[in-house]
Amino acid sequence: MIASVIVDVPAKQTDRPFDYKVPLRFQGIIKTGMRVVVPFGPRKIQGFVVDFQQESSFDKLKEIEEVLDIVPVLNSELLSLSQWLSEETLCFRISAMQVMLPAAMKAKYEKIFHSLVSPEELPQTVLSSLNREGCLSWQDAVGKGMLKILQQLVTDGKMDLRYQVKNKTNLKKIRIITLAKSEEESRNLVETLSLAAEKQKKVLNYLLISPENKRSVQETKLETTVSDSTIKTMLKKGYLTESYEEIYRDPFEHRSFARSVSFQLTDQQRAAIEPVLKAVDQYDHTTFLLHGVTGSGKTEIYLQTIEKVLSQNRQAIMLVPEISLTPQMVERFKGRFGEQVAVMHSGLSVGEKYDEWRKIHRKEVNVVVGARSAVFAPFEKLGVLIIDEEHESSYKQEDAPRYHARDVAIERAKRHGCPVILGSATPSLESFARAQKGNYQLLTLSKRMNNQPMPQVTIIDMREELRDGNRSMFSRELLAQLQERLDKNEQTVLFLNRRGHSSFIMCRDCGYVMQCPHCEVSMTYHRNAEKMKCHYCGEEAQVPSTCPECQSEHIRYFGTGTQKVEEELTKLVPQARVIRMDVDTTTRKGSHEKLLSAFGEGQADILLGTQMIAKGLDFPNITLVGVLSADTMLHLPDFRSAEKTFQLLTQVSGRAGRHDKEGEVVIQTYTPEHFSIDLAKTQNFELFYNQEMAMRKIGQYPPFYFMALINISHENVLKVVSVSEEISSLLKQKLSSQAVILGPVASPIARIQNRYRYQCLIKYKKEEGLKPLLKAILNDYQSAKKDSVMIHIDVQPYIMM
DNA sequence: AGCACGCCGACT
DNA sequence: GTCGGCGTGCTC
């Protein structure tokens, strides 16, 4: 029997199956979708079995060396999905497979020197470095500067170098002790032990009352106040046996979730959920666009759909933009479905993610709530896939495989015969256009639950404030409102919409901003390390005290702006208690959640922050939302900037008055006439949609056109330019006259890690030959040759960089 | 991606 | 003459 294996080498030339003989001992054990270790050239690497064959066209087959799984980690659906994904996003098959699994399962490799001769034959220096088995890892050898000697020993045949796949079991294990003898004998033992062995008796008695006469060592020590040495003695004497049990890391340990039950739906909600439930019943893969204003109860629709799905013994995937930001969402899901929920998001450690994944894989849970990659959860009977806040850009992965979770969800729904729900108060233009065309089915929730009014939104023209001599960041209106909330003991959220998220250093005399020497980006100031860092290549530098350009001492730190706002706040309203949320205050794990819950408990009057506070915040006492500068995002060179501005303003406005108290919103801006700001006032999505669609049509942008972005980079500018020109003219020549080819132009970030970057943008409506052409371009230019350029292609890009 | 193989310049 | 630089091609 012969297995076809996709090997763990993400490169053009290895992006195909390699055949291996299946040794007798693995026959009947190896299945497709399992990870294996195979010899590949001189090394050993990991691979995925994708197929079996009777024979191979290759005649010098090697054997599969090792099997890493008992149960396939990729089922047949995910295997075929990986094929689809690699074709769709033009990525390597192995990358498509890797993205479906938790990072912990990605193989790590190790090179180890093994001694082949008796110790006397080796030099003393080498000998002292070897471990008990006569081995030394390549890494240690490098660290000790012994590579040269070892290489000599290898050529002399005294040692050899072996390649290993690190099979790190990421299982968290705990030490368990069990009574070694029967209960009867153990009880006798308690009687017969000497008086001095008081602690040992304690342990025996404790285990006698424990279920199955076993306990974790940790618990035992805690309960009986004995030390390790006691247990060690008892093990030695044979009173106890020890073993290890695998446990799950529980990211929500020490937290309990109040059980909740379904709410009575409003008429609107019932009308919206009905077609969804019907689709679930009929195994119909309709995509629904649930357009519901903020506070209209979309979540309850999700929850009740999932309930239905679970009642049919099927499973559900629920995607949220970034779950660590919405602990309230986790709470609602855990509250409703309890132990049946796995949670997957970027805030978890590698091990925690692995554990959550295994719960799904072993069918211990039926619901997963998670960020983008949770769309690949290995469920086998999906009943629904839900994408909340579907317009969020975080559903698009920005490195290979450059997929959009929405597309993957729709593709999986097809394979499982189940509906997809895309939910948002401000749908992306693409989705809404599809709903208008009838590709998606539109469901609308126009009213808030309990019929609360939408918050009152006031737009403040900051130019007028300035004209009237108010130079502060706060308009008189906002300040007055703020004061009012303080008096009434209600809470305020202040939102600073700032371009970017990081802080930098600028000279106030000459405008110098510290740039990374290898990348065309400014370096970021890191407060805790007191260093400048480049976010693209990791370059570090000292914080300058004088300007390197003009020697001025007026070189200043520009924070996220939140500190400045905070300073001003303490001057204007000194009695207010402020919680600031920005990169500086939320770097530590869980700090987000802590700050939010502190605010929720009323420990502060004002929550001040950037983008990160826009979502999921739902506290009854928030009655005022202030947006300090609505237009900073509007002037970014991005055709989606108006859409993003409108979405953001609508989202933040939705934070106010979600419960019985009415909410007000104050938006400060320098361009009140812009339609994305003007329409955020009434939160009129349809009007905004129509206007923005007109703009997109004129500009030939999505959803009227599809896009593909080709990024070409090389250390030599001339090389990049010439190749870019070649590609561009090839595109112009091969594509239809309908297609628009922009560029080549230098990328917005013109250089990263000393590589110059150019790009071509293709806008097209229908282009049958595009995929093959792009593949051909990748094949031609992405060769293994030394001097070749690097090419990335992003189909339907979100960020134009 | 690694790694070996092989072809050219600068040294004992 | 050989050591070692990097460009080229292969890995079942």
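Each chain gets a letter, A, B and so on, in the order its sequence line appears, and its residues count up from 1.
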Here the distance between atom C1' of B/dC3 and atom CD of A/Q13, to the nearest Å, is 13 Å
Can the ring centroids of A/Y403 and A/F376 be said to lie less than 6.0 angstrom from one another? yes
Would you check if the side chain of A/Y395 reaches a backbone N or O of A/I387 as a donor-acceptor pair within less than 3.5 Å? no
Flag if over 12 foreign heavy atoms under 6.0 Å of NZ, A/K734: no
When A/Q753, A/E539, A/R751 are each screened for side-chain hydrogen bond (donor to acceptor under 3.5 Å, both in side chains) with A/H518, the one that passes is A/E539
Which atom pairs, donor and acceptor, lie under 3.5 Å between side-chain atoms of residues 67-88 of chain A and protein residues at least two apart or in another chain?
{"unit_1": "A/D69", "atom_1": "OD1", "unit_2": "A/R35", "atom_2": "NE", "d": "3.2"}
{"unit_1": "A/D69", "atom_1": "OD1", "unit_2": "A/R35", "atom_2": "NH2", "d": "2.7"}
{"unit_1": "A/D69", "atom_1": "OD2", "unit_2": "A/R35", "atom_2": "N", "d": "2.8"}
{"unit_1": "A/D69", "atom_1": "OD2", "unit_2": "A/R35", "atom_2": "NE", "d": "3.0"}
{"unit_1": "A/N75", "atom_1": "OD1", "unit_2": "A/E77", "atom_2": "N", "d": "3.1"}
{"unit_1": "A/N75", "atom_1": "OD1", "unit_2": "A/L78", "atom_2": "N", "d": "2.8"}
{"unit_1": "A/E77", "atom_1": "OE1", "unit_2": "A/R412", "atom_2": "NH2", "d": "2.9"}
{"unit_1": "A/E77", "atom_1": "OE1", "unit_2": "A/H416", "atom_2": "NE2", "d": "2.8"}
{"unit_1": "A/E77", "atom_1": "OE2", "unit_2": "A/R412", "atom_2": "NE", "d": "3.0"}
{"unit_1": "A/E77", "atom_1": "OE2", "unit_2": "A/H416", "atom_2": "NE2", "d": "3.2"}
{"unit_1": "A/S80", "atom_1": "OG", "unit_2": "A/E77", "atom_2": "O", "d": "3.2"}
{"unit_1": "A/S80", "atom_1": "OG", "unit_2": "A/R415", "atom_2": "NH1", "d": "2.3"}
{"unit_1": "A/S82", "atom_1": "OG", "unit_2": "A/L79", "atom_2": "O", "d": "2.6"}
{"unit_1": "A/S82", "atom_1": "OG", "unit_2": "A/R93", "atom_2": "NE", "d": "3.0"}
{"unit_1": "A/S82", "atom_1": "OG", "unit_2": "A/R93", "atom_2": "NH2", "d": "3.3"}
{"unit_1": "A/Q83", "atom_1": "OE1", "unit_2": "A/R93", "atom_2": "NE", "d": "3.4"}
{"unit_1": "A/Q83", "atom_1": "OE1", "unit_2": "A/R93", "atom_2": "NH1", "d": "2.9"}
{"unit_1": "A/Q83", "atom_1": "NE2", "unit_2": "A/E87", "atom_2": "OE2", "d": "2.7"}
{"unit_1": "A/W84", "atom_1": "NE1", "unit_2": "A/E411", "atom_2": "OE1", "d": "3.4"}
{"unit_1": "A/S86", "atom_1": "OG", "unit_2": "A/Q83", "atom_2": "O", "d": "3.0"}

Rounded to the nearest angstrom, tell me the gap between atom OH in A/Y109 and atom C1' in C/dT11. 13 Å
Looking at A/T32, A/D51, A/D19, which one forms a side-chain hydrogen bond (donor to acceptor under 3.5 Å, both in side chains) with A/S4? A/D19
Counting only heavy atoms not in A/E715, do more than 12 sit closer than 6.0 Å to its CD atom? no
In this structure, how many angstroms lie between the P atom of C/dC12 and the CD1 atom of A/I45, rounded? 8 Å
Check DNA chain C against residues 17-28 of chain A and give the residues with a non-hydrogen atom under 4.0 Å, in numerical order. A/F18, A/D19, A/Y20
Using atom CH2 of A/W138 as one end and atom C1' of B/dG2 as the other, report the distance to the nearest whole Å. 11 Å
Residue A/L61, side-chain atoms from C-beta onward, closest of C/dC12, B/dC3, B/dA1: C/dC12
Measure NZ/A/K12 against P/C/dC10 and give the value in whole Å, please. 17 Å
Contact class for A/K44 (heavy atom, under 4.0 Å): base, sugar-phosphate, or nothing? nothing
A/Q46 atom CD is separated from C/dT11 atom C1', nearest whole Å, by 17 Å
Is there a side-chain polar atom (N or O) of A/K62 under 4.0 Å from OP1 or OP2 of C/dC12? yes
Quick one: A/F92 CZ to B/dG2 P, roughly how many Å, whole number? 13 Å
Write down the distance between CZ (A/R43) and C1' (C/dC12), rounded to a whole number of angstrom. 13 Å
